[in-house]
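Start at 1 and go down the list; that is how both ligands and their atoms are numbered.
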Amino acid sequence: MKKLYFGSNLKMYKGIQQTEDYLKELVKLTSDISRDEIELFIIPSYTSLERVGKTIDQKYVKLGAQNMCWEEQGQFTGEISPLMLEEVGIKLVMIGHSERRHVFRETDEDESKKVRCGLDHGFTTLLCIGETAEEKKYDLGPEVLRTQLKVGLSGVKKEDLGRVWVAYEPVWSIGVNGTPATADYAERMHKEIKNCLVELFGEEGREIPALYGGSVNPGNAEELIVQPSIDGLFVGRAAWQADKFNDLIRMAKKKYESQ
Ligand SMILES: O=C[C@H](O)COP(=O)(O)O
């Protein structure tokens with residue numbers, strides 16, 4: 001049985017106290033699930049990281065940052081340094097979320113520099129990739145994903161591969177106006193991702209966890225998690241209440257184990 005990954009990006013929601021309450025409840029509700037079976041991670045606001053870095057045991061839930069600069073310091077107004085994240089005890093950074101790419105115009109080369117910087121600083125580094133609706137219309141998903149992986153992971157050293165995660169989040173599937181990918185389509189894209197990772201890194205590339213994200217909900221979590229190339233679920237809105245996320249995790253895990 002493979003380890004299943006479940007995580008949530010809290011985006012620009014929840015302040016410090018709300019984040020702490022949410023995480024405490026989530027840890028409590030999921031504490032009986034062995035962390036050898038699941039990897040649980042939450043990516044909250046920067047402002048809550050210092051507090052929850054102290055009060056939440058990362059044995060149960062890994063805490064991540066939503067973005068990170070590729071430099072340690074300098075004239076980068078509004079950015080956050082890897083040293084600042086290390087200082088507050090963060091172990092995970094997310095790079096290239098769709099909203100960073102499409103709202104804030106980050107490029108594949110930006111993501112590439114950030115990924116290498118994250119790995120050099122010892123973070124687990126979650127690279128998000130995904131095609132737009134227009135690219136999907138021309139069935140360009142595989143080409144787009146390959147480009148994002150080849151550029152985003154260029155220069156990654158073999159010894160760092162154990163700390164690379166990938167999330168496939170098609171742009172058209174994310175958020176309130178998103179349409180979730182069908183399980184078949186998601187599996188097809190995840191297979192492309194795994195094949196590309198093997199081309200880039202050899203068989204070790206297949207071990208890089210690939211998570212599906214984009215309107216995951218209680219109605220589609222089971223059919224997504226049983227797809228052979230999907231290693232986990234990266235959830236937004238459906239995870240922002242701890243009890244609902246706990247239910248979704250248990251439902252998906254049970255389905256996976258019943259195969
Ligand atoms: O980072 C998470 C994704 O953007 C998914 O968000 P969503 O589940 O609300 O569509």
Review point. Do W165 and F123 have their ring centres less than 6.0 Å from each other?
Key: no
Revision key, fill the gap. Separation between CD (E169) and CD1 (I129), nearest 0.5 Å, reads 10.0 Å
Point to revise | F41 ring center within less than 6.0 Å of F6 ring center | key: no
Review point. For atom 8 (O) of ligand 1, what is the nearest protein heavy atom, given as residue, atom name and distance?
Key: G236 N, 2.9 Å
Revision key, fill the gap. of all protein heavy atoms, closest to atom 9 (O) of ligand 1 is R237 NE, 2.6 Å
Review point. Ligand 1 and E99, any nitrogen or oxygen pair closer than 3.5 angstrom?
Key: no
Check your understanding: Would a line drawn from the ring center of W240 to the ring center of Y13 be shorter than 6.0 Å?
Key -> yes
Exercise for review: Using the side chain to side chain contact (heavy atoms under 4.5 Å, CB included) rule, pick out the option among I43, L23, T19 that qualifies with L10.
Suggested key: T19
Practice item. Output yes when R188 and D139 qualify as a salt bridge under the 4.0 Å nitrogen-oxygen rule, no when they do not. Key: yes
Practice item. Please identify which atoms of ligand 1 are closer than 4.0 Å to at least one heavy atom of H97. Key: 1 (O), 2 (C), 3 (C), 4 (O)
Review point. Less than 3.5 Å between some nitrogen or oxygen of G175 and one of ligand 1, yes or no?
Key: yes
Exercise for review: Determine, for K114 against E106, whether the closest basic-nitrogen to carboxylate-oxygen distance falls under 4.0 angstrom.
Suggested key: yes
Review point. Strictly under 4.0 Å, does any heavy atom of K11 approach an atom of ligand 1?
Key: yes
Exercise for review: Look at ligand 1 and say whether A238 reaches it with a heavy atom at a distance under 4.0 Å.
Suggested key: no
Check your understanding: Around M1, counting heavy atoms of other residues, nucleotides and ligands shown, do more than 12 lie under 6.0 Å from its CE?
Key -> yes
Check your understanding: Backbone or side chain, does any N or O of I174 fall under 3.5 Å from an N or O of ligand 1?
Key -> no
Check your understanding: For ligand 1, is there an atom lying under 4.0 Å from some heavy atom of G213?
Key -> no
Review point. How far is atom 5 (C) of ligand 1 from its nearest protein heavy atom, and which residue and atom name does that atom have?
Key: E169 OE2, 3.7 Å
Point to revise | Subset of ligand 1 atoms that lie under 4.0 Å from at least one heavy atom of F234 | key: 1 (O)
Revision key, fill the gap. Numbered in order shown, the ligand 1 atoms found under 4.0 Å of a heavy atom of S215 are 7 (P), 8 (O), 10 (O)
